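Predicted, not measured: the structure shown is a model, and the values here were computed from it. Note that the numbering runs from 1 along the sequence shown for the chain.
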Amino acid sequence: MDIVILPLVRLGTCKGCAVWLLKATMKSEKISKAEKVAEKRWYDDACGTALALEFVGERWSLLIIRELMFGPRRFGELKANLPGISANVLTQRLEGLEEANVLVKRKLPSALSVQVYELTQWGYLAEPMIQEMGRWSTRSRRHDVSLFFSPASAMMSLRTMIDREKAGGLRMTIAFEFPTDLFVGELADGALEIRRGETGKADVRFISDPTTFAFTVYGKIRFEVNEAEGKLRVEGDRAAAQRFVDLFELPEKLAD
């Protein structure tokens with residue numbers, strides 16, 4: 001094999017070489033910095049919890065997953081239900097979760113070709129983790145049920161806090177009608193399944209905003225109080241509605 005020896009070129013006599021070397025050096029520095037950032041993000045820990053934090057440990061990430069638990073959402077819908085998040089941060093978190101294969105971005109099969117975000121099969125498996133974190137945090141006195149609830153967070157709360165033992169002998173269909181979202185719950189055998197969509201026929205129908213509804217459930221506010229203020233309507237079997245609300249209790253506080 002012939003060996004070709006290139007002539008040595010001094011940078012002072014070749015402007016093109018100087019520019020090339022400068023660009024190569026800058027690119028190398030960028031790669032080096034990116035690698036250092038990536039290294040800092042990883043915990044030096046084999047525990048699966050540490051790895052999970054790499055995927056969902058950044059602020060807002062778990063709340064984005066919560067919002068997607070009942071189906072795909074548009075960017076604007078996510079932002080509207082996460083008060084305080086900026087469009088820039090939401091974009092960054094969505095990109096990070098997509099890179100981690102927690103969610104996918106796709107377009108709905110319609111003439112409008114609307115882009116939505118949807119959890120992957122693996123992403124949906126995060127629900128028990130979110131539920132356990134929710135149950136754990138309600139033991140703190142800092143937990144405040146009067147704060148904002150999105151429709152998805154209200155529904156996730158019901159699935160999390162239901163007393164399965166009390167619910168064991170009950171069967172009913174519950175409709176939840178919020179200003180921007182509709183859900184149907186099926187209570188049977190101690191489990192509460194909830195889906196987003198048209199409510200149709202139901203034994204009980206709650207018509208309210210998510211925050212008022214959740215405060216009614218956990219604050220044990222009588223239906224008549226919020227109905228008198230025009231914040232809540234309860235339709236259907238009112239006795240069944242009360243039995244349903246009685247399935248949810250906050251635990252004893254153990255921490256400040």
Side-chain angles (χ1 to χ4, degrees), residues 34-110 113-138 148-162 164 176 178 180-197 210:
E35 288 175 346
K36 287 180 180 179
V37 171
E39 287 174 2
K40 287 181 180 179
R41 286 176 57 85
W42 288 91
Y43 295 95
D44 189 16
D45 192 326
C47 177
T49 304
L51 180 59
L53 287 173
E54 292 298 332
F55 299 135
V56 300
E58 290 186 296
R59 188 183 182 196
W60 298 108
S61 293
L62 276 176
L63 299 186
I64 292 171
I65 295 172
R66 179 200 68 194
E67 289 301 308
L68 295 174
M69 274 296 165
F70 298 96
R73 297 276 84 183
R74 297 193 299 269
F75 185 93
E77 291 171 325
L78 289 171
K79 189 175 184 303
N81 286 308
L82 294 170
I85 195 170
S86 68
N88 184 48
V89 170
L90 178 56
T91 298
Q92 291 176 15
R93 295 298 179 269
L94 289 169
E95 289 175 349
L97 292 170
E98 186 177 13
E99 289 174 4
N101 197 38
V102 175
L103 60 80
V104 293
K105 179 172 57 180
R106 67 180 179 87
K107 291 187 177 180
L108 293 178
S110 66
S113 191
V114 176
Q115 180 174 282
V116 295
Y117 297 87
E118 184 175 20
L119 293 177
T120 61
Q121 182 179 6
W122 184 50
Y124 279 113
L125 293 179
E127 181 178 1
M129 173 174 62
I130 295 173
Q131 290 177 321
E132 287 303 324
M133 289 183 69
R135 274 189 283 265
W136 176 70
S137 69
T138 58
F148 174 83
F149 273 84
S150 71
S153 64
M155 296 297 95
M156 178 65 72
S157 179
L158 295 182
R159 283 181 49 77
T160 299
M161 302 305 297
I162 187 170
R164 296 180 181 276
F176 308 93
F178 302 131
T180 60
D181 229 337
L182 304 173
F183 297 87
V184 176
E186 295 289 347
L187 178 63
D189 303 321
L192 178 62
E193 297 296 327
I194 298 178
R195 63 172 175 80
R196 173 181 279 121

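The distance from atom CG of Leu90 to atom CG of Leu63, rounded to the nearest 0.5 Å, is 11.0 Å. Here the straight-line distance linking atom CG of Leu68 with atom CG of Leu78 works out to 5.0 Å at 0.5 Å rounding. Expressed to the nearest 0.5 Å, how far CD1 of Ile162 lies from CD of Gln131 amounts to 11.0 Å. In this structure, CG in Asp181 is found 4.0 Å from CZ in Arg196, a value given to the nearest 0.5 Å. Taking CD of Gln115 as the reference point, atom CZ of Arg106 lies at 11.0 Å (rounded to 0.5 Å). One distance of note links OH of Tyr124 with CD of Glu118; it measures 5.0 Å at 0.5 Å rounding.
Minimum interatomic distance between Ala152 and Arg66 (heavy atoms only, all atoms of both residues): CB-O, 4.0 Å. Closest approach of Pro210 and Ala154 over heavy atoms only: CB-CB, 4.2 Å. Nearest heavy-atom pair across Ile194 and Met155 is CD1-O, 3.6 Å. Residues Gly123 and Ile65 come closest through the heavy atom pair O-CG2, 4.2 Å. Of all heavy-atom pairs spanning Val184 and Glu186, the tightest one is CG1-OE2, 4.1 Å. Across all non-hydrogen atoms, the minimal contact from Asp45 to Ala50 is CB-CB, 3.9 Å.
Taking the side chain as every heavy atom from C-beta outward, Leu94 and Glu98 never approach each other to under 4.5 Å. With a 4.5 Å cut-off on side-chain heavy atoms, Arg159 and Met69 do not count as touching. The side-chain heavy atoms of Phe178 and Phe149, taken from C-beta on, include no pair separated by under 4.5 Å. Considering only heavy atoms from C-beta on, Leu119 comes within 4.5 Å of Val102 through its side chain. Leu158 is listed as a side-chain neighbour of Phe176, based on a closest heavy-atom distance under 4.5 Å.
Sequence neighbours left out, the pairs with a member in residues 62-94 that pass ring-ring contact (aromatic ring centres under 6.0 Å, His included) are Phe70-Phe183.
Although no hydrogens or angles enter the test, the distance criterion places a donor-acceptor pair under 3.5 Å between the side chain of Arg93 and the main chain of Arg59. Ser157 contributes no side-chain N or O that, together with a main-chain N or O of Ser153, makes up a donor-acceptor pair within less than 3.5 Å. No donor-acceptor pair closer than 3.5 Å links the side chain of Ser61 to the backbone N or O of Gly57.
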Check step by step if side-chain contact (heavy atoms from CB on, under 4.5 Å) holds for Lys105 and Glu95.
CA-CA 9 Å; Lys105 179 172 57 180; Glu95 289 175 349; over 6 Å; no

Apply side-chain contact (heavy atoms from CB on, under 4.5 Å) to Glu77 and Thr180, showing your working.
CA-CA 9 Å; Glu77 291 171 325; Thr180 60; over 6 Å; no

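For the side chain to side chain contact (heavy atoms under 4.5 Å, CB included) test, residues two or more places apart in sequence or in another chain that qualify with Asp189 are Arg171.
Open room surrounds CE on Met133; 12 or fewer heavy atoms of other groups in view lie less than 6.0 Å from it. Atom CH2 of Trp136 sits in a sparse spot, with 12 or fewer heavy atoms from other residues, nucleotides or ligands closer than 6.0 Å. Heavy-atom contacts from other residues, nucleotides or ligands closer than 6.0 Å to CZ of Arg195 number more than 12.
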